[in-house]
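The structure appears right after this line, and notes come after that.
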Amino acid sequence: MTHLILGGARSGKSRYAEQLAGENGLDVIYVATATMGDQEMIERITRHRADRPAGWRTIEEPLALAATLQRHAAPGHCLLVDCLTLWLSNLLQAGDTTLDQERERLQEALPHLPGRILLVSNEVGLGIVPDNPLARRFRDEAGRLNQALAAACEHVTFVAAGLPMQLK
């Protein structure tokens with residue numbers, strides 16, 4: 001079962017995904033896509049690691065998400081990916097070939113993964129038009145990725161102000 005959870009920054013989407021993962025009784029594998037690029041991210045990642053339940057296994061994978069999911073998805077497992085927009089940022093920095101290949105690999109793998117898959121992503125298309133080309137490209141790529149994954153996932157939830165709204 002695949003479930004895409006969308007929301008803005010600090011909307012409660014990650015908390016909601018973690019709640020779902022903890023409630024299902026499955027072994028949870030948390031797939032973190034963030035990288036420690038600066039001091040603020042180091043502190044954020046450290047805090048997130050400390051906040052996760054002790055029984056959850058964490059895998060940090062900034063690029064090869066599809067391969068990681070294929071390797072660890074199994075009946076009785078819940079894989080929680082947080083978050084796809086950080087993964088997308090990593091792919092944009094890696095170059096167009098890597099971006100295209102990894103996005104395609106994820107879209108191809110997703111329908112065939114056993115177990116429960118929770119995907120967290122930012123909805124970045126509700127704000128103003130960014131003022132620079134890279135930010136506009138990121139917004140556009142995130143929108144296309146979210147649309148493709150929403151079509152492929154069995155469930156889609158939008159979270160605003162901590163309130164989950166079922167879209168699909």
Side-chain angles (χ1 to χ4, degrees), residues 2-24 28-53 56 58-66 68-69 78-96 98-99 102-103 106-107 110 116-168:
T2 55
H3 190 159
L4 176 64
I5 300 160
L6 300 165
R10 299 288 161 256
S11 64
K13 64 190 174 301
S14 293
R15 182 177 301 125
Y16 178 69
E18 290 170 2
Q19 178 185 343
L20 291 177
E23 290 175 348
N24 65 34
V28 178
I29 300 174
Y30 190 103
V31 181
T33 62
T35 59
M36 294 190 186
D38 57 34
Q39 187 59 39
E40 189 268 336
M41 283 303 289
I42 291 169
E43 292 169 6
R44 185 180 292 242
I45 291 168
T46 301
R47 187 174 55 252
H48 281 281
R49 286 176 180 160
D51 289 345
R52 283 185 211 123
W56 289 13
T58 298
I59 297 170
E60 296 180 354
E61 179 50 62
L63 296 173
L65 184 57
T68 298
L69 295 177
C78 175
L79 276 63
L80 192 167
V81 178
D82 198 359
C83 86
L84 293 174
T85 40
L86 285 173
W87 175 67
L88 179 62
S89 291
N90 298 336
L91 293 174
L92 282 168
Q93 291 176 13
D96 288 345
T98 302
L99 170 66
E102 290 301 322
R103 183 178 46 215
L106 178 61
Q107 289 173 274
L110 202 56
R116 186 167 192 189
I117 311 297
L118 303 173
L119 304 167
V120 176
S121 187
N122 286 286
E123 175 52 68
V124 298
L126 298 174
I128 61 172
V129 175
D131 69 347
N132 67 77
L134 180 58
R136 286 191 296 275
R137 178 161 185 224
F138 172 78
R139 180 211 48 200
D140 294 348
E141 295 289 353
R144 283 191 280 276
L145 177 65
N146 287 343
Q147 287 183 55
L149 295 179
C153 286
E154 297 167 81
H155 299 280
V156 179
T157 302
F158 183 78
V159 180
L163 301 173
M165 296 171 277
Q166 303 307 315
L167 302 179
K168 179 180 174 184

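Starting from 1, each residue takes its place in the sequence as its number. All values derive from a computational prediction rather than experimental measurement.
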| If you look at every heavy atom in Ala17 and Leu118, which pair is closest and at what distance? | O-CD1, 3.5 Å
| At what distance, to the nearest 0.5 angstrom, does CZ of Arg136 lie from CZ of Arg139? | 7.5 Å
| query | Roughly how far apart are Thr58 OG1 and Leu80 CG, rounded to 0.5 Å? | reply | 10.0 Å
| query | Which heavy atom in Leu119 sits nearest to a heavy atom in Cys153, and how many Å separate them? | reply | CD1-SG, 4.0 Å
| message | I need the minimum non-hydrogen distance between Thr2 and Ala152, along with the two atoms involved. | response | OG1-O, 3.9 Å
| Main-chain N/O of Ala151 paired with Lys168 side-chain donor or acceptor, under 3.5 Å | yes
| request: Supply the atom-to-atom distance Asp140 CG to Leu145 CG, rounded to the nearest 0.5 angstrom. | output: 12.5 Å
| field | Chi angles and distances behind the side-chain contact (heavy atoms from CB on, under 4.5 Å) call for Thr68, Leu79 | value | CA-CA 10 Å; Thr68 298; Leu79 276 63; 6.0 Å; no
| ring-ring contact (aromatic ring centres under 6.0 Å, His included) with His48: which residues, sequence neighbours excluded? | none
| Going by heavy atoms in the side chains, are Phe138 and Thr85 under 4.5 Å from each other? | yes
| field | Main-chain N/O of Phe158 paired to Lys13 side chain as donor or acceptor, under 3.5 Å | value | no
| request: Could you pull out the closest heavy-atom pair between Ala9 and Asn122, with the gap in Å? | output: N-OD1, 3.9 Å
| Closest approach of Arg116 to Leu20 (non-hydrogen atoms, all atoms of both residues) | NH1-O, 3.8 Å
| query | When you check the gap from the basic side-chain N to the acidic O, do Arg15 and Glu18 get nearer than 4.0 Å? | reply | no
| said: Going by side-chain contact (heavy atoms from CB on, under 4.5 Å), Thr35 matches just one of Leu63, Leu86, Asn90. Which one? | reply: Asn90
| query | So Trp56 and Tyr30, would you call those rings parallel, tilted or perpendicular, with 30° and 60° as cut-offs? | reply | parallel
| request: Give the minimum heavy-atom separation between Ala32 and Arg52, together with the two atoms involved. | output: CB-NH2, 4.2 Å
| note | Between the CD atom in Gln93 and the CG atom in Leu88, the distance rounded to the nearest 0.5 Å is 10.0 Å
| query | Do Arg137 and Asp96 meet the salt-bridge criterion of a basic N to acidic O distance under 4.0 Å? | reply | yes
| said: Please check this pair: side chain of Glu123 against backbone of Gly125, looking for a donor-acceptor N/O pair closer than 3.5 Å. | reply: yes
| Value rounded to 0.5 Å, distance of CD1 in Ile117 from NE2 in His155 | 13.0 Å
| said: Thr33: which residues meet the side chain to side chain donor-acceptor pair (under 3.5 Å) condition with it, sequence neighbours left out? | reply: none
